2 protein chains.
Amino acid sequence: MNSFTAENYLKAIYKLVEHSSNPVSTNSIAEKMNTKAASVTDMLKKLANKKLINYQKYQGVYLTTKGEKVALSVIRKHRLWEMFLLEKLDFKWDEVHDVAEQLEHINSEKLISQIDKFLNYPKFDPHGDPIPDANGKIQQQKSNSVSHYKKNDALIMTGVVDHSAVFLQYLDKSGLALGNEIRIKEVIEFDKSLKITINKKNTLFISNEVAKNILAITR
Amino acid sequence: MNSFTAENYLKAIYKLVEHSSNPVSTNSIAEKMNTKAASVTDMLKKLANKKLINYQKYQGVYLTTKGEKVALSVIRKHRLWEMFLLEKLDFKWDEVHDVAEQLEHINSEKLISQIDKFLNYPKFDPHGDPIPDANGKIQQQKSNSVSHYKKNDALIMTGVVDHSAVFLQYLDKSGLALGNEIRIKEVIEFDKSLKITINKKNTLFISNEVAKNILAITR
DNA sequence: AACTATTTTTAGACCTATCTAAATTATTTA
DNA sequence: TAAATAATTTAGATAGGTCTAAAAATAGTT
């Protein structure tokens, strides 16, 4: 079993490598983990001993297949718990992260698979980030803001950028929720505002400002 | 903040003192915690420094008000999580404990109060043990098996003794569930079997064997 | 009361995770 | 390319939690 700390290091490395795809530097890990470079070096040696990362002195690190599996499992748990807190326990968006940071380390296959089922197997978390499945597979398609798409595109709403209460209340009032199907019926050239339908039923006009703050993928 | 380990010690001491009400011995703690007496002594000093227990060398320990508050909070969380796993996530009775052991250490006021609400503020866990409220108050009345009560008593079912699948299926089939009102209509002297009503509606005959395995309090 | 057995505590070690300060290696830059 | 700067690693400490073996205190028994 890996310690909470080890899991957090692996998660941090995963996220750092995700964008750059180069080996990750000791300093960047230290920054992300809010710790000192010396502590990172110590931990890297331990993780390397467990074959969770590939590590060569002064050369940075990347995850092994084994390490990536652990990282993806932690990320899966984190994102499912966030979803659960938000959807089932009436948490606010900004309250979700800290608790999920704790819950992501709970060790129980059954627990997480049941939470997944309880939520009806969501593919994206409330921030629009993909949720890895039980095998660590992640939906490749990345979310974009609705303003990025064009006329006649059929989308699935996966998240939001702005998490303020006013914005979320507006979404609520307009009947826009995670998982909804959004079709772009018209793009007004003048101000880039959109005419859309929600779940093939309700029609709605949204400003470009709103469109920029809603995340979606093509369905 | 107290460590998981410290919380577990406090919980163990609470449970040991609950029955005997005398100071708790180092050895009994060691046994309950599956550790060695020397380790217990070390920890007792730390807990005493934090004013969580009263400790005098060789004289055993008991909880301070502060320590008891922590213990009750951990027990509350444990029992609520057990309830949640059982009722909402389709866990089996025997799968519940180990996961609750982990979840009981998650630190979030809001999380546990929302779980409490989600479960509709249960007063007893599935084993018939009382669930402390947010202030650490516990329902004083202890659960007894139904066979312990007499004619015309009005009860609330709080738990079961036997957790086997056959028994639980029988309860299910008979419409007996946690929180139900049970009224004892008749006690057959010959074999101590009972005629009861469930929620003032359905009538049911149960053997003494069954009655012994159902826990309840008077309402 | 004195001796024995049991319980509890101390002493000394170890492991994990962290830190500061110093040493080493890599990278820039003049 | 040699000196200066930045990044990384090592060395040595500290803190939490655990252990074994030995010492001290308490409880039991004759």
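Throughout, protein chains are lettered first and strands after them, A, B, ... in sequence-line order, and every chain is numbered starting at 1. What's counted below: heavy atoms across the whole structure, side chains too, no hydrogens, waters or symmetry copies. Predicted model, so just to flag it, every value in this text is computed and none were measured.
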For C:dT10, does either OP1 or OP2 sit under 4.0 Å from a side-chain N or O belonging to B:Lys45? yes

Would you mind telling me which of D:dA7, C:dA26, C:dA17 lies closest to the side-chain atoms of A:Met43? C:dA17

Tell me the interatomic distance from A:Leu47, atom CG, to C:dT16, atom P, rounded to whole angstroms. 12 Å

Any A:Asn27 side-chain N or O less than 4.0 Å from OP1/OP2 of D:dT8: yes

OP1 or OP2 of C:dT20 less than 4.0 angstrom from a side-chain nitrogen or oxygen of A:Lys36, does that happen here? yes

Does B:Thr5 place a side-chain N or O at less than 4.0 Å from the phosphate oxygens OP1/OP2 of D:dG16? no

Side-chain N or O of B:Tyr55 closer than 4.0 Å to phosphate OP1/OP2 of C:dT9: yes

Taking only side-chain N and O atoms of B:Thr41, does any of them lie within less than 4.0 angstrom of OP1 or OP2 on C:dT9? yes

B:Lys57 has a side chain; which of C:dT10, D:dG17, C:dT18 sits nearest to it? C:dT10

Compute both the distance and the angle, then confirm whether A:Lys110 meets the cation-pi test with B:Phe91: under 6.0 Å from the six-membered ring centre, within 45 degrees of the axis. yes

Atom pair distance, as rounded to whole Å: CG in A:Asn34 and P in C:dA17: 18 Å

Lys/Arg cation over aromatic A:Phe118: B:Lys88, 6.0 Å, 45° cone: no

Does A:Lys46 or B:Ser28 map to a spot on DNA chain C nearer the 5' end, using the closest nucleotide for each? B:Ser28

Do B:Ile131 and B:Phe124 have side-chain heavy atoms sitting under 4.5 Å apart? no

Taking atom P of D:dA21 as reference, at what distance in whole Å does atom CG of B:Asp42 sit? 16 Å

Does B:Thr26 reach a base, just sugar-phosphate, or nothing at all? Heavy atoms under 4.0 Å. sugar-phosphate

Short question: side chain of B:His97, backbone of B:Asp94 - any donor-acceptor pair under 3.5 Å? no

Mark yes or no for whether A:Gln59, through its side chain, and A:Gln56, through its backbone, hold a donor-acceptor pair below 3.5 Å. no

Nucleotide of D:dG17, D:dT9, D:dA25 approaching B:Tyr58 most closely (side-chain heavy atoms): D:dA25

To the nearest Å, give me how far apart CD (A:Gln56) and P (C:dA26) are. 12 Å

Taking everything shown except B:Gln141 itself, do over 12 heavy atoms lie less than 6.0 Å from its CD? yes

Give a yes/no on whether any side-chain N or O of A:Thr35 is located under 4.0 angstrom from OP1 or OP2 of C:dT18. no

Only residue of A:Lys11, A:Arg76, A:Arg79 satisfying side-chain hydrogen bond (donor to acceptor under 3.5 Å, both in side chains) with A:Glu104 is A:Lys11

In residues 99-108 of chain B, which ones come under 4.0 Å of DNA chain D, going by heavy atoms? none

N/O (side chain, A:Ser25) to phosphate O (OP1/OP2, D:dA7) under 4.0 Å: no

Assign B:Tyr9 to base, sugar-phosphate, or nothing according to its heavy-atom contacts below 4.0 angstrom with the strands shown. sugar-phosphate

